[in-house]
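Have a look at the structure below before the remarks.
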Amino acid sequence: MKAPRVRFAPSPTGYLHIGGARTALFNWLYARRHGGTFVLRIEDTDTERSSDEMIAAILHGMRWLCLDWDEGPDVGGPYGPYLQSARRERHLAAAQRLLETGAAYHCYCPPELLQQKRATAEAAGGGWMYDRTCRRLSADERAALDAAGRPRVVRFAVPDDADTAFDDWVHGRISVPAASIEDFVLVRSDGTPTYQLSVVADDIDMAITHVVRGDDHVSNTPKQILLYRALGAPVPVFAHVPLILGPDRKRLSKRHGATSVGEYEAQGYLPEAMVNFLALLGWSPGAGDQELFTRDELVAKFTLEGISGGNAVFNPEKLDWFNQQHMMRLAPAELVRRVAGRLEAAGLWRDDYDQGWLERVIVLLAPRARRLDDLVPQFRTFAVDLVERDPAAVAKHLGDEMGRAHLAALRERLAAADAFDAATLEPLVRGLAEERGVKAGVLIHAARVAVTGQTVSPGIFEVLELVGRDRVLRRIDDALAGAA
RNA sequence: GUCCCCAUCGUCCAGAGGUCAGGACGCGGCCCUUUCAAGGCCGAGACUCGGGUUCGAUUCCCGAUGGGGACGCCA
């Protein structure tokens, strides 16, 4: 098989959202799986709503997810330009060819009239399609209209016997009656090409072999197939990816919460987790129970046929789980690198942190965090000198004379310990508990509240070691003084 | 309204003409244990309905119902 050429063609009228990211991912996976080419084309022809800021945001989101493109607006390529707005002349040339072969015609119907007809039809309870008034115009009538300088659009002349069936790689055979397709506009009265014309012209020019896009485009596909044929170009393979829905089964949108990948990046999700989660949302590798995949594993297993036909509801809890799993699997040094900026932003960073110590602390914290952000407050215990103590926790474990006496005894023992590592400390604490005739938990809970200020923390012996003897003793003294 | 797509646990996916209908998230319990996580084990939880085809359908076909999408001189 010839190496496929696929493309992701976002319109920069908003940030890269979850659905778009997944479409991009599927395209990317397919290209990488088959040694093909992944093209990024920016469909910025809606000049009103497009912006450079959004282009930058989309590129940023793609890079964050590590979906690298082989051809695109920034890197160029043999089929450029990759900004759709810069390809206008080609689109119009295609329209001209269609006009010449009679596959398209000029329409002079004023928009207001069409709007009115549409409104009337809708009021009567039905949909409306262009009634082809201008398709029936004689040459003389056209000449007269042109002479009068009447504004005109170019419409595609949908053949009555048009066969629009195609074999979608996700859905199988899809066919639409030609009668339900209207003579759609190719060129606006201001002379600019419409989306239907632009995509097809560009996909032909860019030699795209597989069009992988959202399900919301299936209804455009028959029109586009007609265009491919009229332009004498081979029809690519289509694969329509189902949409991502919110919990209410409506198309995922702002009101469902965070929808742009940038927001997830900001909240401390890992791109590895996002890719894994998105890949499995609507796609399955088939046999096997594996859920956690690396990028390379996904590339090795990906098939368009494995995409399921039904829409999928976005499940944030599962994303959280994936994120936690991927955090735990990251190499310690890498996890530290990922969280460093957040620690710094929280004022918890110091350049003289010992790398080994940092890694141990972060690894200790990772199984207790869902997002990178969760590591920050937890890290605080290890970063500061003295901690604030939760009054309820103090009351519970250091509230009486006995508790404080135990803590004071523990302090002396810790101060005298030969070494200050978990392996040394654990028997020491347990031994003291036995001497004093209490369960080890009593001392452990007291130590935890004194040292961390909380009733929950990672294993106390690791905490003691990583906080370090000096600070542990100071915190205990502080707790003793405060509780008295 | 018209056209198109979809239909297995709450959610995301497996699944085969005859299966104890499988896994994951979440939920409940137990274990581990110094708390919280992580981890391990166990559990509750689904084939939308009605017709066919068939010895036998959750699986194949048709219909209904439900959900989604598209019906712009937006993309």
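We name chains A, B, ... by the order of the sequence lines, and we start the count at 1 in each one. In what follows, every heavy atom counts, from backbone to side chain, and hydrogens, waters and symmetry copies are set aside.
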Exercise for review: Kindly state whether the ring of W169(A) and the ring of H240(A) have centres lying under 6.0 angstrom apart.
Suggested key: no
Check your understanding: Between S219(A) and rC71(B), does any side-chain N or O lie under 4.0 Å from OP1 or OP2?
Key -> no
Check your understanding: Looking for any heavy atom pair under 4.0 Å, which part of the strands does D46(A) touch: base, sugar-phosphate only, or nothing?
Key -> sugar-phosphate
Review point. For D390(A) and rC36(B), what is the distance between atoms CG and P respectively, to the nearest whole Å?
Key: 15 Å
Check your understanding: Any donor-acceptor pair under 3.5 Å joining the side chain of S189(A) to the base of rC73(B)?
Key -> yes
**Study point:** Nearest listed nucleotide, side chain of P177(A), among rC4(B), rA14(B), rU34(B)
**Key:** rC4(B)
Check your understanding: OP1 or OP2 of rG68(B) sitting under 4.0 Å from any side-chain N/O of K250(A)?
Key -> yes
Review point. Checking all strands, does S175(A) fall into the base, sugar-phosphate, or nothing category for heavy-atom contacts under 4.0 angstrom?
Key: sugar-phosphate
Review point. Between rU33(B), rC73(B), rA37(B), which nucleotide gets closest to the side-chain atoms of R368(A)?
Key: rA37(B)
Review point. Between H171(A) and N311(A), which has a closest nucleotide on RNA chain B that is more 5'?
Key: H171(A)
Exercise for review: Tell me what V153(A) touches on the nucleic acid: a base, only sugar-phosphate, or nothing, going by heavy atoms under 4.0 Å.
Suggested key: base
Revision key, fill the gap. Those residues at least two apart in sequence (or on a different chain) that pass salt bridge (Lys or Arg N to Asp or Glu O under 4.0 Å) with R213(A) are none
Check your understanding: M129(A) near the nucleic acid: base, sugar-phosphate alone, or nothing, with a heavy-atom cut-off under 4.0 Å?
Key -> nothing
Practice item. Could you tell me whether S198(A) contacts a base, only the sugar-phosphate backbone, or nothing, with contacts defined as non-hydrogen atoms closer than 4.0 Å? Key: nothing
Study note, to complete from the structure: Quick note, L243(A) side chain, CB onward, closest among rA75(B), rC4(B), rG68(B) is rG68(B)
Review point. Which is true for E291(A) with a 4.0 Å heavy-atom rule: it touches a base, it touches only sugar-phosphate, or it touches nothing?
Key: base
Practice item. Have a look at P285(A) and say if it touches a base, only the backbone sugar-phosphate, or nothing, with a 4.0 Å heavy-atom cut-off. Key: nothing
Practice item. Determine: side-chain N/O of R188(A) to OP1/OP2 of rA75(B), distance under 4.0 Å, yes or no. Key: yes
Check your understanding: Within the structure shown, what part of the strands sits under 4.0 Å from R118(A) by heavy-atom distance: base, sugar-phosphate, or nothing?
Key -> sugar-phosphate
Practice item. Would you mind classifying the nucleic acid contact of Q290(A) as base, sugar-phosphate or nothing, using non-hydrogen atoms under 4.0 angstrom? Key: nothing
Check your understanding: Looking for any heavy atom pair under 4.0 Å, which part of the strands does Q325(A) touch: base, sugar-phosphate only, or nothing?
Key -> sugar-phosphate
Revision key, fill the gap. Whole-Å distance, R448(A) CZ to rU33(B) C1', equals 11 Å
Practice item. Check every strand shown and say whether N220(A) touches a base, only sugar-phosphate, or nothing at a heavy-atom separation below 4.0 Å. Key: base
Check your understanding: With rounding to whole Å, what would you report as the distance between rG52(B) and rC71(B) at their C1' atoms?
Key -> 34 Å
Check your understanding: Whole Å only: how far is the CD1 atom of I307(A) from the P atom of rC5(B)?
Key -> 17 Å
Exercise for review: Quick one: label A440(A) by what it contacts on the DNA or RNA (base, sugar-phosphate, nothing), any heavy atom closer than 4.0 Å.
Suggested key: nothing
